[in-house]
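A note on names: the letters A, B, ... follow the listed sequences, proteins ahead of strands, and every chain is numbered from 1. The model shown is predicted, which means the values in this text are computed figures rather than measured ones.
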Protein chains: 2
Amino acid sequence: MPELEPMQNFLTELRRGSLTLAVLGSLRQPRYGYALLQTLQEQNIDIEANTLYPLLRRLESQELLTSDWDTSESRPRKYYTLSRKGKEVFSRLLKEWESMQASISAVCGKGENHE
Amino acid sequence: MPELEPMQNFLTELRRGSLTLAVLGSLRQPRYGYALLQTLQEQNIDIEANTLYPLLRRLESQELLTSDWDTSESRPRKYYTLSRKGKEVFSRLLKEWESMQASISAVCGKGENHE
DNA sequence: CATTATACTGTGTGTCGCACTATATTGTCA
DNA sequence: TGACAATATAGTGCGACACACAGTATAATG
């Protein structure tokens, strides 16, 4: 899709990376993918299943998450949780995020008028 | 660099996209690349020349920026400024950024303890 | 004659979106 | 009841694009 809606691309790029932060933050309690998806969407975090599942597996392979199948219910669900390493990374990313907020605010004029 | 400092990669990804926002926000007044670089670094926005210059050209090719060579001084400088389109995109990205702040705060626990 | 100021290019890697596949469990309706 | 759709749940493969990095290039300045 070359030129359909270029704005969309900017938004995508902006959200990029923050998705990881949001996922890590949401997995301080165990959750399975499908539920996580809905949690995030309720928070206005625009991510779709096709993006989330690979992200979860990537984070697991990077050892930020651990996963366990819960087969006690009729429908098996794969629960993900933050590992110790994941908690550390989350904490540092959150700090960075907060620092970025300050920087962006400074550069973009905190509260100034931009039309 | 496969496994040297994986943390660095997470940070890079997190910052990604925000760079564009920061650059757009900084170019509401005309600036040339080298000066912009230093402005951003003073604001703790970690970007290097090799990243900034391609970014500027990309934004120009996407018609968010316009550029003009100033050759009146001994050292020629290429001044970039937000175009009308650039202002629109900036405004929308900034809104998205603010919305993301809220979402991330909600998901990551606004002010809760995370150690 | 080294350093700084200033700008550009090419290559690799990683993430994300998107379009798929796959399956079991519900719910609906003839 | 039995057919069929919808939902819940998870996965894969591919392509686009942006960023980091390591280069090149040149003119002014100290």
Problem - A/Ser67 (side chain) donor-acceptor with A/Tyr79 (main chain) under 3.5 angstrom - result: no
Practice task
Could you check if a side-chain atom of A/Leu65 sits within less than 4.5 angstrom of a side-chain atom of A/Thr81, using non-hydrogen atoms only?
Solution key: no
Problem - Minimum-distance nucleotide to A/Arg75 side chain [options: C/dC16, D/dT9, D/dA27] - result: D/dT9
Fill in the blank from the handout: Quick note, A/Trp69 side chain, CB onward, closest among D/dA10, C/dT6, D/dT12 is D/dA10
OP1 or OP2 of [N] under 4.0 Å from side-chain N/O of [X]:
{"X": "A/Gln8", "N": "D/dA16", "result": "no"}
{"X": "B/Tyr32", "N": "C/dT6", "result": "yes"}
{"X": "A/Arg58", "N": "C/dC16", "result": "yes"}
{"X": "B/Arg16", "N": "D/dC19", "result": "no"}
{"X": "B/Gln62", "N": "D/dA18", "result": "yes"}
{"X": "A/Thr51", "N": "C/dC16", "result": "no"}
{"X": "B/Asn9", "N": "D/dC19", "result": "no"}
{"X": "B/Ser74", "N": "D/dT29", "result": "yes"}

Practice task
Tell me, with the steps shown, if B/Arg16 and B/Glu13 meet salt bridge (charged side-chain N to carboxylate O under 4.0 Å, His left out).
Solution key: CA-CA 5 Å; B/Arg16 199 178 165 140; B/Glu13 286 300 320; 3.4 Å; yes
Practice task
Between B/Arg57 and B/Tyr34, just flag the one whose closest nucleotide in DNA chain C comes earlier from the 5' side.
Solution key: B/Tyr34
